[in-house]
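The sequence lines fix the lettering, A, B, ..., with proteins before strands; numbering per chain opens at 1.
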Protein chains: 2
Amino acid sequence: MDRQNSSSNTRTKILEAASRLFYEQGYHLTGINQVIAEADVAKASFYYHFCSKEDLCVAYLEQRHQDWFGWLREEVERSREPLERLLGLFTFLERWLANSDFRGCAFLNIIADFPSSYHRIRQLVVSHKDALQAYIAQLVDHLGCSDSDNNLSHLVNTIYLLFEGTICQCQMYRTTEFIQDTRETVRKLIS
Amino acid sequence: MDRQNSSSNTRTKILEAASRLFYEQGYHLTGINQVIAEADVAKASFYYHFCSKEDLCVAYLEQRHQDWFGWLREEVERSREPLERLLGLFTFLERWLANSDFRGCAFLNIIADFPSSYHRIRQLVVSHKDALQAYIAQLVDHLGCSDSDNNLSHLVNTIYLLFEGTICQCQMYRTTEFIQDTRETVRKLIS
DNA sequence: AAAATTGTAGACAAACCTGTCTGTACGAAA
DNA sequence: TTTCGTACAGACAGGTTTGTCTACAATTTT
C-alpha cells in the first residue's frame, strides 16, 4: 500500500530475526547471512536499513529494552497493591523463565560477548540496568515504608541484586522452584 | 630436562594465554591464531596438545575452576571466625574487582557465548556453581545458627543470589562501594 | 648407534565472515 | 514521463576462521 509501511516491514522482519538469533545464539555465533536468510530478505536490503552488524546490535538492544520493560510493567502493574507489585517482579521472572527460549538477560549476555572496550554497547546495557534499578526504587517508594533513608536505598539495592542473581540462576538451572523462596526473603526484608 | 616438564610447559603456555584471552575478550572473539601467537607456540604444537578449540575451552574452564576457588578459599579462610568467614565472600569480591582485568564471572560469560545446546560446556558451569553453593552452605553451617532447617537453606540461597548479583553489578558498574551495603544486608539476614 | 617420542615451523585447504557492488524491478510522486 | 525510494538477486572481494599436512629438530629410550 504505502511505502512507509512496506519499508518498515522489511526493517521489522530483519530486526525480529536478529532479535531471536542474537538472544538464542549470541552475537558472534550469528552471522549476517543467517539473519537475512531467516528474515527472508536480500543482503542489499539489510545494508540499506542498517549500516553494519554492530549497528543492528544497537537497534536490537534498544528494541529489547522497550519490549522487556513492557513485559515487566504489564506483570507488575497487574495489581494495585504496592507490596504485591514489588513481589510481582519475581512473578514476572517465573513467567519469563517459562518461555522455552529463555536464556537469561539479553543485556548481560551481550556484555559477555564483547570485551570491555565496546563502550557504545556497554552504555546501552548500563542504561538498561539503571532503568531497572530506578523502577525497583519506585516500587519500594510506593510501599510507604518509614525506614530511615539509608535503609531504603539499601533495600532497593538488595532487591535488585536478588533479581539479577535469580536471572543468572534460572539461566543455568532452568527451574523456578527457588523463586518462591526469594519472594519470601523479600517479604522478610521489608517487615 | 625431563620430557614431562617440557611437554607441560608448552601446554601451560597455551592454557595461560587462552585463559587470559577467553576471559578478557570472550570465546568467539578469540581465535586460535591469536592464542598461539600470544603463547609463542606453533599451531601444530597447539593441535598436538588439544584436539580442538572447544577442547581448549573445557581445559580453560576446568583450570579456572581450580584457580578461582583457590583465591576464594584463601580470602575466606584468612579468618577463623565463622561469621567473618561468611562475610569474607564479599571481601573477596572487593579484592577480585580491584584487579584491572576483572570482567565478571568467567563461567557466566562463557554460557552467554554459547547457545543452550552446548551441553558439555553448560555442565561445567553448573558444576562450578554447584560447588559454590555447597561452599556457601558449609560456611553457613559453621555459623551454628539454630534456625529451622528450611530457613537455613533459604539463607544459603539468598546469600548465593546476592553474591551472583553483585558479580554482575560489578561487571557493569565497576565500583565496589555497594559491597559494603551487601555485607550489612547479610549481617542483618543472619541475626 | 638406531629408533621412538615429543615438539616445531609454517604452508595450505576449505569454509566462513562482513561488507560492496552491479544491475534489475516496481510503485508512487513530481 | 521521469525521478525517487525501496527492495530484490547474487556475484565478488578481502580477510578470517579452524584444522591438516609435511618436513624437520631435539631428546630419550632401546
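Distances were taken from every side-chain heavy atom of B:Ser52 (C-beta onward) to each of C:dC21, C:dG10, D:dG19; the shortest belongs to D:dG19. Comparing D:dT18, C:dC21, C:dG7 against the side chain of B:Lys53 picks out D:dT18 as the nearest. Among the nucleotides C:dG19, C:dT8, D:dG19, the one closest to the side chain of B:Ala42 is C:dT8. When distances are taken from the side chain of A:Lys43 to each of C:dG19, D:dG19, C:dG7, the shortest belongs to C:dG19. Checking C:dG7, C:dT18, D:dA7 against every side-chain atom of A:Ile32, the shortest atom distance belongs to C:dT18. Comparing D:dA11, D:dA7, D:dC8 by their closest approach to the side chain of A:His49 singles out D:dA7. With C:dC21, D:dG19, C:dT20 as the candidates, the nucleotide lying closest to the side chain of B:Tyr47 is D:dG19. Comparing D:dA7, C:dC21, C:dG7 against the side chain of A:Thr10 picks out D:dA7 as the nearest.
The phosphate of C:dC17 (OP1 or OP2) has a side-chain N or O of A:Asn33 nearer than 4.0 angstrom.
When rounded to the nearest whole Å, the span between CG of B:Asp40 and C1' of C:dG10 equals 14 Å. Note: CZ (B:Phe50) to P (D:dT18) measures 15 Å, nearest angstrom. Distance CD1 (B:Ile36) to P (C:dT8): 11 Å, rounded to an integer number of Å. Regarding A:Gln34, its CD atom lies at a distance of 15 Å from the C1' atom of C:dA15, rounded to whole Å. Here D:dT20 presents its P atom at 12 Å from CG of B:Asp55, a figure rounded to the nearest Å. As rounded to whole Å, 19 Å separates atom P of C:dA11 from atom CZ of B:Phe46. Taking atom CD of residue A:Glu54 and atom C1' of nucleotide C:dC17, one finds them 16 Å apart after rounding to whole Å. B:Tyr48 places its OH atom 19 Å from the P atom of D:dA25, with the value rounded to the nearest Å.
Of the candidates A:Arg183, A:Arg78, A:Glu75, A:Arg85, A:Thr91 forms a side-chain hydrogen bond (donor to acceptor under 3.5 Å, both in side chains) with just one, namely A:Arg183.
One distance of note links CD of B:Glu84 with CG of B:Leu139; it measures 12.0 Å at 0.5 Å rounding.
For the pair A:Arg73 and A:Tyr135, the distance from NZ or CZ to the six-membered ring centre is under 6.0 Å and the angle to the ring normal is within 45 degrees.
Between A:Tyr47 and A:Asp55, the side chains place no donor N or O within less than 3.5 Å of an acceptor N or O (distance only, hydrogens not considered).
Residue pairs satisfying the salt bridge (Lys or Arg N to Asp or Glu O under 4.0 Å) criterion with at least one member in residues 165-177 of chain B, sequence neighbours excluded, are absent.
Along DNA chain C, the nucleotide nearest to B:Ser45 and the one nearest to A:Thr30 differ in position, and the one closer to the 5' end is contacted by B:Ser45.
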